[in-house]
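Note sheet for the following structure.
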Amino acid sequence: MAGTDQILVRTGKARDEIEDLGHSVAALIRQVRRIARLSARSMLLWSAVFALTTTFVALASPASAEPVSTWLCRPGQAGDPCGGGSGAPIDCFYVYPTASLQQSTNANFDASPELRAVASTQAGPFGVNCNVWAPVYRQVTVRALFNGTAQERSAGSDLAYQDVERAWDDYLTHHNNGRGVVLLGHSQGSAMLRILIRNRIEGKPVQSQLVSALLIGNNILVPKGATVGGDFSSVPACTDQAQTGCVIAYESFSETPPPDTRFGLSPQVPGGSAIRGDLPFGPEYEVLCTNPASLRDNDDAPIHGIVEGREVDRFRARCTGGDGPHVLMVEGPGAELLPTLPNKTWGLHLLDINLAQRDLVNLVGTQSAAYRR
């Protein structure tokens with residue numbers, strides 16, 4: 001009977017683990033599907049009202065609105081999607097990813113529901129370790145990302161960056177009060193912060209206040225085999241949990257990226273603009289990948305995520321290297337079920353932060369303590 005009891009116990013544990021895994025994967029899939037439904041609804045709406053909105057945008061484009069500093073998240077703010085906490089010893093300056101469902105090339109300054117939702121999901125958990133500041137900026141919208149021309153997106157990115165830079169200056173002048181700050185971004189938000197570091201932080205006194213930069217879901221470049229150079233001349237990759245003034249960057253995939261992947265490869269043509277500056281490119285660079293769960297060795301390690309308030313710890317991750325794309329490869333039971341949207345060239349882009357969010361939140365806490373020593 002003892003042997004039978006042991007078998008029943010092990011069987012019960014295995015069943016519980018399978019059910020737990022199912023809940024974790026299901027939660028991840030639900031989150032991606034919500035984002036996908038918002039994007040799909042946006043595309044359908046655009047198709048239906050194209051003629052009307054073209055006329056309206058020509059008459060009342062948000063680009064012509066008077067720029068103001070509007071805060072999506074700020075400490076002490078009522079109903080703040082990032083929690084509104086104000087008691088942490090450092091700040092986080094968060095720039096959200098492409099989320100606006102407005103039908104123009106650039107969004108306006110409305111703190112719309114989709115912005116609040118993504119800020120709550122991505123930045124909210126960091127509130128235990130930092131006071132979150134997040135400006136509303138006239139980002140390039142979902143519509144323009146998929147349906148706009150290259151020229152529209154470039155001009156739109158210039159406008160978006162000017163808003164982020166203006167908000168950063170406002171934050172430093174009126175709200176920072178000498179505290180250390182973590183830069184936190186994803187996708188388009190990371191692209192904005194990438195330029196901000198180059199234009200407004202490196203080589204300036206405020207660089208001494210940089211606790212770290214979490215630039216997730218955007219290609220950050222370094223010379224091949226190096227941890228500094230390329231995009232940033234003096235902000236290196238983080239290689240230790242207690243290191244400060246450094247950058248974390250990765251793009252997540254659950255299978256080998258296709259040849260036309262959007263992430264993991266150095267661009268072979270120049271990018272940037274007169275406003276955003278010239279960005280590095282060419283075969284002498286590679287995309288930085290830092291595994292937040294294994295900074296020192298950048299090796300295979302368990303990652304710990306947060307989805308819908310639930311801890312997810314069923315996956316492992318490793319940074320790929322060599323001549324192929326440099327990405328964070330997510331593996332483990334159920335990883336193959338994670339949706340790649342809008343297609344395989346994006347990998348697990350919509351889940352980049354969530355998959356390792358507990359690791360990232362804990363890392364900010366460790367770096368905060370190191371910065372204040």
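For reference, positions follow the sequence shown, starting with 1. FYI, side chains are in, hydrogens and waters are out, and symmetry mates aren't considered; it's all heavy atoms of this structure.
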*Any chance you could lay out the side-chain contact (heavy atoms from CB on, under 4.5 Å) test for Cys73 and Arg116, step after step, and finish with the verdict?*
CA-CA 9 Å; Cys73 301; Arg116 295 177 57 82; over 6 Å; no
*Quick one: do His186 and Gln122 satisfy side chain to side chain donor-acceptor pair (under 3.5 Å)? Show the steps, please.*
CA-CA 9 Å; His186 180 239; Gln122 291 192 341; 3.2 Å; yes
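- Judged by distance alone, the side chains of Asn298 and Asn291 never bring a donor and an acceptor atom under 3.5 Å apart.
- Although no hydrogens or angles enter the test, the distance criterion places no donor-acceptor pair under 3.5 Å between the side chain of Lys344 and the main chain of Glu255.
- Across every non-hydrogen atom of Gly324 and His326, the tightest pair is O-CD2, 3.1 Å.
- For the pair Pro75 and Gly85, the tightest heavy-atom approach, listed with the atom from each and the gap, is CB-O, 3.3 Å.
- No path of Ile, Leu, Val, Met, Phe, Trp and Tyr side chains, each step under 4.5 Å between heavy atoms, connects Leu328 with Leu265, placing them in separate hydrophobic clusters.
- A continuous path of hydrophobic side-chain contacts links Ile197 to Ile248 [ILVMFWY only; heavy atoms under 4.5 Å].
- For the atom pair Leu295 CG and Gln241 CD, the distance stands at 5.0 Å (nearest 0.5 Å).
- When only modelled atom types and interatomic distance are considered, Ser234 and Glu202 share a side-chain donor-acceptor pair under 3.5 Å.
- A 6.0 Å sphere centred on CG of Asp260 holds more than 12 heavy atoms belonging to other residues, nucleotides or ligands.
- The minimum heavy-atom distance between Val140 and Asn106, with the atom names listed, is N-ND2, 4.1 Å.
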Which atom pairs, donor and acceptor, lie under 3.5 Å between side-chain atoms of residues 218-229 and protein residues at least two apart or in another chain?
{"from": "Asn219", "atom 1": "OD1", "to": "Gly264", "atom 2": "N", "distance (Å)": "3.0"}
{"from": "Asn219", "atom 1": "ND2", "to": "Arg262", "atom 2": "O", "distance (Å)": "3.3"}
{"from": "Lys224", "atom 1": "NZ", "to": "Pro283", "atom 2": "O", "distance (Å)": "3.2"}

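- For the pair Gln209 and Arg179, the minimum side-chain heavy-atom distance is 4.5 Å or more.
- The hydrophobic cluster containing Leu172 also contains Tyr137, counting ILVMFWY residues as joined when their side-chain heavy atoms lie under 4.5 angstrom apart, directly or transitively.
- Inspection of the Ser368 and Arg372 side chains reveals an N or O donor paired with an N or O acceptor under 3.5 Å.
- Arg296 CZ: 12 or fewer foreign heavy atoms inside a 6.0 Å radius.
- Checked by atom type and distance alone, the side chain of Asn354 pairs as donor or acceptor with a backbone atom of Ile306 at under 3.5 Å.
- Taking the six-membered ring where the residue is Trp, Phe253 and Phe263 present perpendicular rings, their angle passing 60° and hence far from 30°.
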*Walk me through it: do Gln188 and Thr98 pass the test side chain to side chain donor-acceptor pair (under 3.5 Å)?*
CA-CA 6 Å; Gln188 182 174 174; Thr98 307; 2.8 Å; yes
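- Side-chain contact check for Ser212 versus Val182: some heavy-atom pair is nearer than 4.5 Å.
- One hydrophobic cluster holds both Leu210 and Val364 under the rule that ILVMFWY side chains link at heavy-atom gaps under 4.5 Å.
- Ring-plane geometry between Trp133 and Trp71 is classed as perpendicular, the angle between the planes exceeding 60 degrees on a 0 to 90 degree scale with a lower cut at 30.
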_As a quick check of understanding, evaluate side chain to side chain donor-acceptor pair (under 3.5 Å) for Ser100 and Gln139, giving each step before the final call._
CA-CA 8 Å; Ser100 174; Gln139 71 166 202; 4.9 Å; no
For a quick test of your reading: what N or O donor-acceptor pairs under 3.5 Å do the side chains of residues 329-338 make, sequence neighbours left out?
{"from": "Glu331", "atom 1": "OE1", "to": "Arg318", "atom 2": "NE", "distance (Å)": "3.4"}
{"from": "Glu331", "atom 1": "OE2", "to": "Arg318", "atom 2": "NE", "distance (Å)": "3.2"}
{"from": "Glu331", "atom 1": "OE2", "to": "Arg318", "atom 2": "NH2", "distance (Å)": "3.0"}

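- Rounding to the nearest 0.5 Å places CG of Leu214 at 7.5 Å from SG of Cys238.
- Looking at heavy atoms from C-beta onward, Thr121 lies out of side-chain contact with Val307 at the 4.5 angstrom threshold.
- Under 4.0 Å is where a charged nitrogen must lie from a carboxylate oxygen, and between Asp158 and Arg276 at least one such pair does.
- In the hydrophobic clustering of ILVMFWY residues, with side-chain heavy atoms under 4.5 Å counting as a link, Val287 and Ile353 come out apart.
- There is no side-chain donor-acceptor pair under 3.5 Å between Asp240 and Gln243.
- Note that the NE2 atom of His304 and the CZ atom of Phe315 stand 12.0 Å from one another [nearest 0.5 Å].
- Between Asp313 and Arg358, no side-chain nitrogen of the basic residue sits less than 4.0 Å from a carboxylate oxygen of the acidic one, so the salt-bridge criterion is not met.
- Looking at every heavy atom in both residues, Asp110 comes nearest to Val136 through O-CG1, 3.9 Å.
- Ring orientation note: the planes of Phe93 and Trp168 are nearly perpendicular, at an angle over 60° on the 30°/60° scale.
- Considering CG of Leu101 and CD of Gln103, their distance stands at 7.5 Å, rounded to 0.5 Å.
- Residues Arg198 and Leu279 have side chains in contact (heavy-atom distance under 4.5 Å, counting atoms from C-beta outward).
- Glu165 and Tyr161 are linked by a side-chain donor-acceptor pair at a separation below 3.5 angstrom, with hydrogens and angles left out of the test.
- Looking at Gln268, its side chain does come within 3.5 Å of a backbone N or O of Ser266 through a donor-acceptor pair.
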*asked:* Applying side-chain contact (heavy atoms from CB on, under 4.5 Å) to Leu288 and Val247, what does each step give before you reach the verdict?
replied: CA-CA 9 Å; Leu288 178 64; Val247 61; 3.8 Å; yes
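- Under the 4.0 Å criterion applied to side-chain N and carboxylate O atoms, Asp169 and Arg166 are not assigned as salt-bridge partners.
- With a 4.5 Å cut-off on side-chain heavy atoms, Tyr250 and Val327 do not count as touching.
- In terms of heavy-atom proximity, Ile303 sits nearest to Ala356 at CB-CB, 4.4 Å.
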*Before giving the answer on side chain to side chain donor-acceptor pair (under 3.5 Å), spell out for Ser187 and His349 the whole-Å C-alpha distance, their side-chain angles and the decisive distance to 0.1 Å.*
CA-CA 8 Å; Ser187 193; His349 187 66; 2.9 Å; yes
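- Rounded to the nearest 0.5 angstrom, Gln151 CD and Thr105 OG1 are separated by 11.5 Å.
- By the neighbour-count criterion of 12 heavy atoms within 6.0 Å, atom CG of Asp278 is sparsely surrounded, having that number or fewer from other residues, nucleotides or ligands.
- For the side chain to side chain contact (heavy atoms under 4.5 Å, CB included) test with Leu72, the passing option among Pro81, Cys82, Pro135 is Pro81; the others fail.
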*Quick one: do Trp346 and Glu251 satisfy side-chain contact (heavy atoms from CB on, under 4.5 Å)? Show the steps, please.*
CA-CA 9 Å; Trp346 292 75; Glu251 301 88 21; over 6 Å; no
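- From Ser190, atom OG reaches atom CG of Leu215 across 5.0 Å, with rounding to the nearest 0.5 Å.
- Residues Pro280 and Asp231 have side chains in contact (heavy-atom distance under 4.5 Å, counting atoms from C-beta outward).
- A distance of 6.0 Å or more separates the ring centres of Tyr94 and Phe126.
- The two residues Asn129 and Val361 have their closest heavy-atom pair at ND2-O, 2.8 Å.
- A heavy-atom distance below 4.5 Å is not found between the side chains of Val95 and Leu184.
- Looking only at side-chain heavy atoms (C-beta outward), Arg74 and His175 come within less than 4.5 Å of each other.
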